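Because the structure is predicted, anything quoted here is derived from the model rather than measured.
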Amino acid sequence: RTSVDRLVQSPLSTFIPKLTKSWSSEGRNFYKYSLPNSAPFEWYFGSADYKVHSFEVGTVACQVFHQPSHTYNLPFFKKSLENAINFVQSSLGQYPYDELKLVEIPFYQEPLYSYPNTIAISELEGWFADTTSLENQVYLSFSIASGVISHWALQNLPIANVQGADMLRYALPEALAMQVVEAEYGTSGLQGLITKKQGLYARERGTEPNVEPTLIAADGAEYLERNKGTLALYELSQKMGDERFNEHIENWAKGMKGKGVFRDLYQSIMANEQIIKLSEEDQVSIKNTFEKVLP
């Protein structure tokens with residue numbers, strides 16, 4: 001049996017658990033891990049009779065842990081990881097880990113976990129899906145890209161636990177992942193994803209028991225950040241220009257003197273010359289999207 005987390009180690013990260021002790025007792029295996037620094041408890045612990053498909057993307061060693069019979073989509077997963085890592089390297093800076101793992105997990109778990117250097121995806125979310133379908137290709141590519149980009153965000157954006165935190169934790173990586181999808185599948189592929197997120201936001205907004213907060217004051221309303229927030233940031237990147245938007249994000253991360261607050265990022269973007277050059281109508285539209293909740 002191959003333990004996933006036993007292999008999750010990297011000298012480049014202070015968030016990767018290090019195996020400090022292992023032993024067997026009464027037919028069971030035990031593992032003890034330690035972290036050099038405190039980190040959010042966002043891990044998936046699991047072990048199984050995995051088969052491992054290994055390859056490299058530049059200097060990053062990639063491993064795909066999968067059920068031995070689920071080999072159908074390994075070429076697609078490899079391509080998706082290559083696209084995502086190359087996007088991070090070219091648009092945001094160095095991918096923060098020297099290893100990256102994609103792991104198949106049981107269908108009764110959450111569909112997706114992403115934590116330092118690992119993405120865990122349910123067996124129902126692509127391991128034997130029909131990847132000749134554009135919709136499935138886009139969904140899986142987006143899921144993998146957002147996971148890889150979130151690795152960069154977790155390492156480079158220490159996020160303050162205040163309003164807007166999930167705009168940095170979830171919406172920003174997903175908005176950047178939409179760029180990866182568009183580069184690979186064009187506007188037609190991206191439009192299906194946009195329509196899906198618009199539908200999820202509209203449907204789940206109807207079940208909101210409280211008043212919907214603005215995006216800059218969002219506070220853990222998952223339907224809001226992952227849907228409206230992702231689309232708003234992606235649209236902002238298009239108005240600003242992908243290259244300039246990504247450059248701004250990278251520079252903001254490098255210049256951080258404390259923990260990241262989404263309101264600060266938003267205000268810095270609004271002060272960027274590319275936004276100032278926009279028409280007054282466009283600037284008002286952006287402000288309304290992030291600072292107001294329209295009917």
Subject >> Arg226 backbone acceptor or donor facing Lys197 side chain under 3.5 Å >> reply: yes

**OP:** Report yes or no: do Tyr234 and Glu182 form a side-chain donor-acceptor pair below 3.5 Å?
**Re:** yes

Original post:
Looking only at side chains, do His66 and Tyr50 share a donor and an acceptor under 3.5 Å apart?
Top reply: no

**OP:** Search all heavy atoms of Lys259 against all heavy atoms of Met256 and return the closest pair with its distance.
**Re:** C-CE, 3.7 Å

Original post:
Counting N and O atoms only, with roles assigned by atom type, does the side chain of Glu99 sit under 3.5 Å from a partner on the main chain of Ala61, one being a donor and the other an acceptor?
Top reply: no

Subject >> Residues Thr131 and Asn73: side-chain donor-acceptor under 3.5 angstrom >> reply: yes

Original post:
Which residues satisfy the side chain to side chain contact (heavy atoms under 4.5 Å, CB included) test with Arg203, sequence neighbours excluded?
Top reply: Leu200

Original post:
With the 4.5 Å side-chain cut-off for hydrophobic clustering, are Val293 and Met167 part of the same group?
Top reply: no

Subject >> For Glu281, salt bridge (Lys or Arg N to Asp or Glu O under 4.0 Å) partners two or more places apart >> reply: none

Original post:
Just checking, is any N or O donor in the side chain of Ser80 or Ser141 under 3.5 Å from an acceptor N or O on the other one?
Top reply: no

Original post:
For Gln267, does the CD atom sit with more than 12 other heavy atoms under 6.0 Å from it, leaving out its own atoms?
Top reply: yes

**OP:** Report yes if the distance between the aromatic ring centroids of Tyr115 and Tyr113 is under 6.0 Å, otherwise no.
**Re:** no

Original post:
Can you tell me if Ser268 uses its side chain to pair, donor with acceptor, with the backbone of Leu265 under 3.5 Å?
Top reply: yes

Subject >> By side chain to side chain contact (heavy atoms under 4.5 Å, CB included) - contacts of Ala202 (at least two apart) >> reply: none

Subject >> Closest non-hydrogen atom pair between Phe245 and Gln179, with its separation >> reply: CD2-NE2, 4.2 Å

**OP:** Check the side chains of Glu123 and His70 for a donor-acceptor pair under 3.5 angstrom, ignoring hydrogens and angles.
**Re:** no

Original post:
How would you list all residue pairs meeting ring-ring contact (aromatic ring centres under 6.0 Å, His included) that involve residues 259-295, not counting sequence neighbours?
Top reply: Tyr266-Phe290

Original post:
Counting only N and O atoms by type, is there a donor-acceptor contact under 3.5 Å from the side chain of Ser146 to the main-chain atoms of Glu174?
Top reply: no

Original post:
Gln67 side chain to Glu104 main-chain N or O, any donor-acceptor pair under 3.5 Å?
Top reply: no

Original post:
Distance from Ile121 atom CD1 to Ile105 atom CD1, nearest 0.5 Å?
Top reply: 8.5 Å

Subject >> Lys196 and Glu135: CA distance, side-chain angles, deciding distance, salt bridge (charged side-chain N to carboxylate O under 4.0 Å, His left out) verdict >> reply: CA-CA 10 Å; Lys196 181 176 181 179; Glu135 181 180 3; 5.6 Å; no

Original post:
With distance as the sole test, does Ser150 use its side chain to make a donor-acceptor pair with the main-chain N or O of Ala153 at under 3.5 Å?
Top reply: no

Original post:
Is the NZ or CZ atom of Lys254 both under 6.0 Å from the centre of the six-membered ring of Trp252 and within 45° of that ring's axis?
Top reply: no

Original post:
In chain order, what residues pass the side chain to side chain contact (heavy atoms under 4.5 Å, CB included) check against Thr20, with sequence neighbours excluded?
Top reply: Lys32, Ser34

**OP:** Tell me, yes or no, whether the heavy-atom count around Glu243 atom CD, taken from other residues, nucleotides or ligands under 6.0 Å, exceeds 12.
**Re:** no

**OP:** Sort and list the pairs that fulfil salt bridge (charged side-chain N to carboxylate O under 4.0 Å, His left out) and have at least one residue in residues 54-82, not counting sequence neighbours.
**Re:** Lys79-Glu184

